[in-house]
> 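Got a structure for you, questions after.
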Amino acid sequence: MSYVLFGVLVAFTACLPGCTQTAPSSPEDVEALNAATRALCKTQVAMVGEIATHGDGHTLAFKVALVERLVDQCGFDTVLFEANQEEFIHLNQRLRSESGVTSDELLTAVGGIWRFYREFQPLAPFLLTRAQAGRVVLGGLDDQLGQLGQDYANIGLVTELTNLLQEPSRQACSSALHKRIYSAYPESAPYSEADRSQIVQCLTAVQAASRADSAAAALAKQERQEMISATLRRVNRDFQSEGESMANRDRSMFETFEWLQGRLPKKHKVIVWAATVHIAKRGSPVWGDRAGTNLGSFIHHRYGSHAQSLGFSAVAGSFRRGRGNFPTLPIAPSDSVEGLALQGTAASAVYVGSKQLAAMGERPGAFFVHMYQTLKWSSFLDGVVVFRTERPPTDSR
């Protein structure tokens, strides 16, 4: 597989070989898009966030245009999503075998958070053509179970893993995993610690059988072992407190990130697409374990100034929170990062870089959720994009 060289910075009026020029999310956003591209182009790990409800259409359209530019103009050769790792491993196995992977199948791997939004959908054929050409590696970082429509992670993987066992363990473990993935527990017998313990025992047995499997190809065996490990990490969080589970989910995503990094060439450039609470330099004070040990903190500790985190917010508009629920954004305080960013300009979007963000000091901002928190935002983010108006994404269903 060929990769574009790390560290290549090209003029923003040109493309790398084989690229296509893409339009900005909105013509009025072009200056902010240019500035965000310049800021992230020189990094090795560019982390692009979004509000935790994942329901901001203007942000989505901007991010799609930004990712396309980072790939085609800045040489980023890996794109990782806050999405199911197992489904992406299966997708990559099919890409290696030159099976006819479609854009819809890539959208399925990305998952229900984004796959149905028209603002996101153009990114799928863009990434797929580059993955098929060997220019981009795609991956998922998350270990969540039971995602909509992911037939491999929900069904095929269970069959693949439990087939390593002998009867009667095979059928018992297949049933236990299926019930956990689909939450198929009756009210009279809800999911219990005993159920979790059975699943852990099953996965431990599968892990041992996988190690002893001499017939499997080396790469497929490594991928299978990683999928088992990730599933174990998820199941082991089942009865943790909400905060502990959130913090350990971020740690699990970083373990997956490190595993994926170990399979890439030494010189590579990575885009991480996830909620800002995951990719910020440290976690939100009201999120997870409140100690700041989120995915972004681990990546920043590992890569230092070679990693950057980008957040998004808006001073007005509305967003989507579940089906049929479109709340209005809270009014931005005049002394907020958002208010100051748009002061004295008619632009629809403004990029605020690290120096400007640091100079603002501690002040209100709404970059984790649509609620203002007074923080020193430069301690959490390397840059932000502020829109004049946010809008809900368009659902294609």
Side-chain angles (χ1 to χ4, degrees), residues 2-26 29-50 58-83 106 110 114 119-141 257 260-261 264-265 267-276 278-280 295-296 299-300 303 305-312 349 351-354 381-385:
S2 60
Y3 292 84
V4 289
L5 294 176
F6 166 67
V8 175
L9 180 62
V10 296
F12 294 107
T13 56
C15 283
L16 293 176
C19 87
T20 56
Q21 293 282 12
T22 56
S25 56
S26 167
D29 292 349
V30 69
E31 288 188 16
L33 185 58
N34 285 341
T37 306
R38 284 193 296 269
L40 295 176
C41 196
K42 296 172 285 186
T43 65
Q44 186 175 359
V45 183
M47 294 179 278
V48 290
E50 60 190 57
H58 198 163
T59 297
L60 278 179
F62 189 98
K63 285 176 62 176
V64 167
L66 177 60
V67 168
E68 291 179 353
R69 284 178 170 223
L70 292 176
V71 169
D72 273 353
Q73 298 179 7
C74 300
F76 281 82
D77 53 25
T78 305
V79 183
L80 307 178
F81 292 94
E82 179 193 337
L106 174 52
V110 168
W114 299 289
E119 290 81 358
F120 178 85
Q121 288 169 350
L123 187 59
F126 173 88
L127 290 178
L128 181 59
T129 56
R130 285 147 183 80
Q132 289 169 329
R135 284 187 50 204
V136 169
V137 175
L138 304 174
L141 293 171
F257 178 86
L260 288 164
Q261 296 299 91
L264 294 171
K267 294 184 178 181
H268 59 273
K269 301 181 74 171
V270 183
I271 299 167
V272 176
W273 176 300
T276 305
H278 297 304
I279 61 88
L295 171 66
I299 292 176
H300 274 277
Y303 289 90
S305 61
H306 296 293
Q308 288 201 26
S309 299
L310 179 67
F312 293 84
Y351 172 77
V352 180
S354 58
L381 296 165
D382 298 290
V384 298
V385 173

> If you measure from OG on S305 to NZ on K42, what distance do you get to the nearest 0.5 Å?
11.0 Å
> So W114 and L60, side-chain contact (heavy atoms from CB on, under 4.5 Å) or not? Walk me through it.
CA-CA 9 Å; W114 299 289; L60 278 179; 3.5 Å; yes
> Where is the tightest heavy-atom contact between M47 and S309, given as atom of each residue plus distance?
CE-OG, 3.3 Å
> Are H300 and Q308 linked by a side-chain donor-acceptor pair shorter than 3.5 Å?
no
> Nearest 0.5 Å, what's the CD1-CD1 distance between I299 and I279?
9.0 Å
> Hey, could you give me the CG/OG1 distance between L310 and T276, rounded to the nearest 0.5 Å?
8.0 Å
> Between Q44 and K267, is any pair of side-chain heavy atoms under 4.5 Å apart?
no
> Start with the C-alpha distance between V64 and W273, add both sets of side-chain angles, then the distance that settles side-chain contact (heavy atoms from CB on, under 4.5 Å), and finish with yes or no.
CA-CA 10 Å; V64 167; W273 176 300; 4.0 Å; yes
> Can you name the closest pair of heavy atoms from C41 and Q73 and give their distance?
SG-O, 4.4 Å
> Give the minimum heavy-atom separation between V30 and R69, together with the two atoms involved.
CG2-NH2, 4.2 Å
> Roughly how far, to the nearest 0.5 Å, is the OH atom of Y351 from the CZ atom of F62?
9.5 Å
> Please enumerate all residues that pass salt bridge (Lys or Arg N to Asp or Glu O under 4.0 Å) together with E50, with sequence neighbours excluded.
K63
> Would V136 and V79 satisfy side-chain contact (heavy atoms from CB on, under 4.5 Å), going step by step from the backbone distance to the final call?
CA-CA 7 Å; V136 169; V79 183; 4.2 Å; yes
> Taking all atoms of both residues into account, what is the closest heavy-atom pair of Y303 and Q261, and its distance?
OH-NE2, 2.8 Å
> How far apart are the closest heavy atoms of G49 and T59, and which atoms are they?
O-CG2, 4.3 Å
> Could you give the distance from CZ (R38) to CG (L33), rounded to the nearest 0.5 Å?
10.0 Å
> Who pairs with Q132 by side chain to side chain contact (heavy atoms under 4.5 Å, CB included), at least two apart in sequence or on another chain?
L95, L128
> Which of these passes side-chain contact (heavy atoms from CB on, under 4.5 Å) with L80: L138, V137, V270?
V270
> Look up atom CG in L260 and atom OG1 in T78, then write down how far apart they are to the nearest 0.5 Å.
8.5 Å
> Write down the atom of V385, the atom of A349, and the distance for their closest heavy-atom approach.
CG1-CB, 4.5 Å
> Is D77 salt-bridged to R130, cutoff N-O under 4.0 Å?
no
> Does E119 use its side chain to pair, donor to acceptor, with the backbone of H58 at less than 3.5 Å?
no
> Can you confirm whether F81 sits close enough to V272 that some side-chain heavy atom of one is under 4.5 Å from a side-chain heavy atom of the other?
no
> For L70, which residues count as a side chain to side chain contact (heavy atoms under 4.5 Å, CB included) partner, sequence neighbours excluded?
T37, L40, A46, L66, C74, F76, I271
> Backbone N or O of A275 within a donor-acceptor pair of the H278 side chain at under 3.5 Å?
no
> Do L127 and L106 have side chains that get closer than 4.5 Å, going by heavy atoms?
yes
